[in-house]
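The analysis underlying the following values was restricted to heavy atoms, covering all of them including side chains, and did not include hydrogens, waters or symmetry mates. Here, residue 1 is the first one in the sequence, and each next residue gets the next number.
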Amino acid sequence: MGKNLVTVRGMTCTSGEILDVVVGPRRVFVSHTSELARFPVGRSFVAAAVRAVIRAGDAPVDMGSFGPREQRPAQVCREAVRAADVYVAVVGFRYGSPVTDHPEVSYTEWEFQVASEAGLPRLVVLLSEEAEGPRDLFVDLRYAVRQEAFRARLSGSGVTTATVATPEELSEVLFQGLRDLVPSQSEVEGARAGRVWNVPGRSLVFTGREELLSALHAALAGERSTVVVQALHGMGGIGKTALAIEYAHRYGAEYEVVWWVPAEQPAVVGDRLAELAQALGVASVTDPVTVALARLQGVLRQRDRWLVVFDNAEDPAVLARYVPGGCGHVVITSRNPGWEELATPVSVDVFDRGESITLLRRRVPRLSEGEAERVAAALGDLPLAVAQAGAYLAETATSVVDYLTLLTQRTMELLTRDAPPVSYPVSLAASVQIALGRLGTQSPAALILLTLVAYLAPEPIPWSLFTTQPAQLPEPLARVAGDPLSFAELIRLLRRHGLARVEPTTVGLHRLLAAIVRAQADPHQDWPALVVGLLRAAVPVDDPWLNPSVWSAWRVLVPHVLVATDAHRTLRGVEEDLAWLLHHAATYLHTRGEHAPARALFDRALELHRSTLGQDHPHTLLSASHLALALLELGQYESARQLAEDTLTRMRRVLGEDPTTLRSAYVLALSLWGVGQYESARQLGEDTLTRCRQILGEDHPTTLISAYVLALSLWGVGHYESARQLGEDTLTRCRQILGEDHPTTLISAYVLALALWEVGHYESARQLGEDALTRCRRVLGEDHPTTLISASHLALALWGVGQYESARQLAEDTLTRCRRVLGEDHPYTLRLVRSLPSSAAVLANRGEDDPGQSPGRVTQVSGR
């Protein structure tokens, strides 16, 4: 009989008998210190070792094959070594770096220790003193004694294969050692006794998932008296099957039986288990499946070293009758998370970014870290997509820039043409298409819902978006959304198919899956327009401008509004809804301090209003006024002034002394202040406040804003006492009418603090400034422009009371944030830069200076 290559615990041997065990290439862990990868130059010892491993038909790995982990270094190293089938050490004369959390040993010594404890086959090659290389190869000034002791220990351990002097000698010795490596007699006997295996081949580029693998092993290996069942669940392409394959290979030596059952088609599960009964010799091919299953159940109840994997199962009720009893282990992979009654569900999510980058760079070594980062981000770290991208980039001359362009413009085509990696049965596109077909057959309403989700952002979408306005939805989804019981059943169906992230109150879809769904969408339905109408009906009708009561709703919906109104989408027949959404989304972003994106949306809203409604329509004028304010916040003062003047002129002619006109007037006053026309700003501010009080009343929000704008203008022309008096009255009214934490109140507070400082009330300015800054940070956030302005004014007040060091620290922190948030060239950033040199001078001469000496006047025009 001819010789047959078999693998037991990942070690190859030759035998004259046919064994039942078939495993893929061994993973050979190559342990070495860093200098051996460099010397001799051009033909290093490590390169020679890697060539020998590959020549032997095995897969070389070392610590460079593993990406960053959150565990301690010793644990990362331990898991990497234990994941291998064979340990190889190339040991020179340098000890290497001590393990960070085990400094008593180096990484190479720690790896040898772990391999010994794990019982791995070990091949150790020592470099002789005649080895080729420069002096740096032999000298270890710090740890020479340790290394000498380690080499002596290895020499006496009985595992040293040889001592070599050249890379070529190393390569040949190691190759022969790997070829001659045989399993122990007990392992061979165990295989002959009936060890059974049919798991798909192991991926040599499997990456990451160390925590999941360790947790899964711990859960399965615990002391139990009954079968332990774990269900790995997640959306398509998340890597559930690849994870199960890696688990089976990594821990396969712990089992006598490891059997893989494709469970996507429930009708064939019984047949696959009957084949296991035949492999164990308890049933013949002529026995009925029911008989084979009964015998299999009986045998497995008497054994405990077995693992059965049900891959791609969907229905717990169907699979329950096939799960064996006894004390073995069962792993299920499924899109469906609902396995609570049969198994412990284990959620599998996308890669972390480090895992994605590691896989891409391992597959495509020419990629830089930044390039791999860009590809991973575009793919949303979806493991199957990352693996496909790695294969595509490795096999073609496509640059990262060109690949990302293809991914954006031809997503479906790219993901369909690219062959799937070996660990995945089909490509991402094919997998999603199959699932969509099944979903559409079971529930057309569910497919419509998923399609609508695909046209929104890859962020959580509240179910209420669909249930609160069913009239906006097409049939049959409209009927289902209007019935709580029917809609709950639809949610369960979506959850079971695993196409989306389904939570109790939200649903979300990965961006690549969304692109595939959009490519499959019914072309007769205008989905982009439908989504715009749906969002228009869902967002609050109240203006979000300085209106915190609607911010929570906008915070949830604004990502979807931004996607639905994207300029690259073709939107016809919904121009009015589109312009309304653009304007209100921009207003929300503006009031939350995101001025640059707000300005872009205001631009589009104004252009739409002008083209559809004309220059003088109230909606057009309102968009123009908001755009002017956005320009003002961005420091583009002259552009803001020109637009504000034109808008106010048109408003007065078209609307008269309307509240919108009065609001536009204080925007112009702020713009005049910004370009240095302080007296003009004061005159317009006084006129506007008078009109507001007459038309709207003393306590109207627009009146209160006009009041602090005038107070700022009075400060600008040096009327500090008048600014203080008006500021105190305005802040009192704001607190009474709007509350302590309203944005208008917060701005009024720092305007008053500025005036108090100017009239010498330094301690009052400090107390008010500290309170305002605390509230701004809590309500608006650390980096909101209003918070930054409040911080700069508090720094000024701290100087006024002699707290120079605190003032300096706050000013420097504020400057750092301004540079990041507003930009290096924003007028406010530049004013802070100019103020810091004089602040240093004050600090250096703190004992001689007047307490009121200013570090340089800095303030910011605020239109909120």
Would you sort out whether R777 and D783 count as a salt bridge (Lys or Arg N to Asp or Glu O under 4.0 Å), showing the intermediate values? CA-CA 8 Å; R777 286 171 170 168; D783 292 337; over 6 Å; no
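- Between H626 and H583, the gap from one ring centroid to the other is short of 6.0 Å.
- With rounding to the nearest 0.5 angstrom, the NE2 atom of H742 is 8.0 Å from the OG atom of S549.
- Between R501 and D349 there is a salt bridge, since at least one side-chain N of the basic residue sits less than 4.0 Å from a carboxylate O of the acidic one.
- Taking the six-membered ring wherever Trp is involved, the centroid distance between the rings of W580 and H619 does not fall below 6.0 Å.
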Given side-chain contact (heavy atoms from CB on, under 4.5 Å), test D402 with S399 step by step and report yes or no. CA-CA 5 Å; D402 290 342; S399 69; 3.3 Å; yes
I461 and F466: side-chain contact (heavy atoms from CB on, under 4.5 Å), yes or no, with the steps? CA-CA 9 Å; I461 305 163; F466 309 103; 4.0 Å; yes
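- Ion pair E638/R641 flagged as a salt bridge, since at least one NZ, NE, NH1 or NH2 atom sits closer than 4.0 Å to an Asp/Glu carboxylate oxygen.
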Walk me through it: do L493 and Q442 pass the test side-chain contact (heavy atoms from CB on, under 4.5 Å)? CA-CA 9 Å; L493 186 60; Q442 287 186 263; 3.7 Å; yes
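- Between the side chain of T829 and the main chain of D825, no donor-acceptor pair closer than 3.5 Å is present.
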Given the rule in the salt bridge (Lys or Arg N to Asp or Glu O under 4.0 Å) test, do R652 and D658 qualify, once you have shown the distances and angles that lead to the verdict? CA-CA 8 Å; R652 283 173 170 167; D658 181 85; over 6 Å; no
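- Side-chain rings of H590 and H595 approach one another, their centers coming within less than 6.0 Å.
- In this structure, the separation between CG on D381 and OG on S356 is 3.5 Å, given to the nearest 0.5 Å.
- Inter-residue side-chain proximity for F602 and T587 is flagged as met; some heavy-atom pair is nearer than 4.5 Å.
- Remark: the backbone N or O of S347 is not paired with any side-chain donor or acceptor of K240 at under 3.5 angstrom.
- Within the 4.5 Å cutoff, no side-chain heavy atoms of C734 are placed close to those of E740.
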Let me see the working for Y392 and L406 under side-chain contact (heavy atoms from CB on, under 4.5 Å), right down to the final yes or no. CA-CA 12 Å; Y392 185 90; L406 283 172; 3.7 Å; yes
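- Considering OG of S671 and CG of L629, their distance stands at 7.5 Å, rounded to 0.5 Å.
- The structure places CZ of R536 at 9.5 Å from CD of Q472, a figure rounded to the nearest 0.5 Å.
- Judged by distance alone, with hydrogens and angles left aside, the side-chain atoms of T506 form no donor-acceptor pair with the main-chain N or O of P462 at under 3.5 Å.
- W527 does not carry R518 over the face of its six-membered ring by the limits of under 6.0 Å from the centre and within 45° of the normal.
- Under a 3.5 Å cut-off, the side chain of W545 and the backbone N or O of Y588 do not form any donor-acceptor pair.
- With 3.5 Å as the limit, one finds no donor-acceptor pair spanning the side chains of Y666 and T702.
- Between the side chain of E575 and the backbone N or O of G573 there is at least one donor-acceptor pair closer than 3.5 Å.
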Could you go step by step and tell me if W463 and F487 meet the ring pair (Phe, Tyr, Trp, His ring centres under 6.0 Å) rule? CA-CA 10 Å; W463 290 118; F487 193 74; 5.4 Å; yes
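- Panel note: side chain S639, backbone Q636; no donor-acceptor pair is recorded below 3.5 Å.
- For the atom pair CZ of R650 and OG1 of T647, the computed distance is 8.0 Å after rounding to the nearest 0.5 Å.
- Taking the side chain as every heavy atom from C-beta outward, V563 and R569 approach each other to under 4.5 Å.
- One distance of note links CG of L509 with CG of L456; it measures 10.0 Å at 0.5 Å rounding.
- Within the 4.5 Å cutoff, the side chain of L535 has heavy atoms near those of the L465 side chain.
- In terms of modelled atom types and a separation under 3.5 Å, the side chain of H510 and the main chain of G380 share a donor-acceptor contact.
- Of the residues listed (L738, L780, V751), the one engaging L746 in a side-chain contact (heavy atoms from CB on, under 4.5 Å) is L780, and it is the only one.
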Run the salt bridge (Lys or Arg N to Asp or Glu O under 4.0 Å) check on R492 and E489 step by step: do they pass? CA-CA 5 Å; R492 280 196 292 269; E489 183 59 34; 2.6 Å; yes
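- Looking only at side-chain heavy atoms (C-beta outward), W551 and T591 come within less than 4.5 Å of each other.
- Proximity of R374 to L404: side-chain heavy atoms (C-beta onward) are separated by under 4.5 Å at one or more points.
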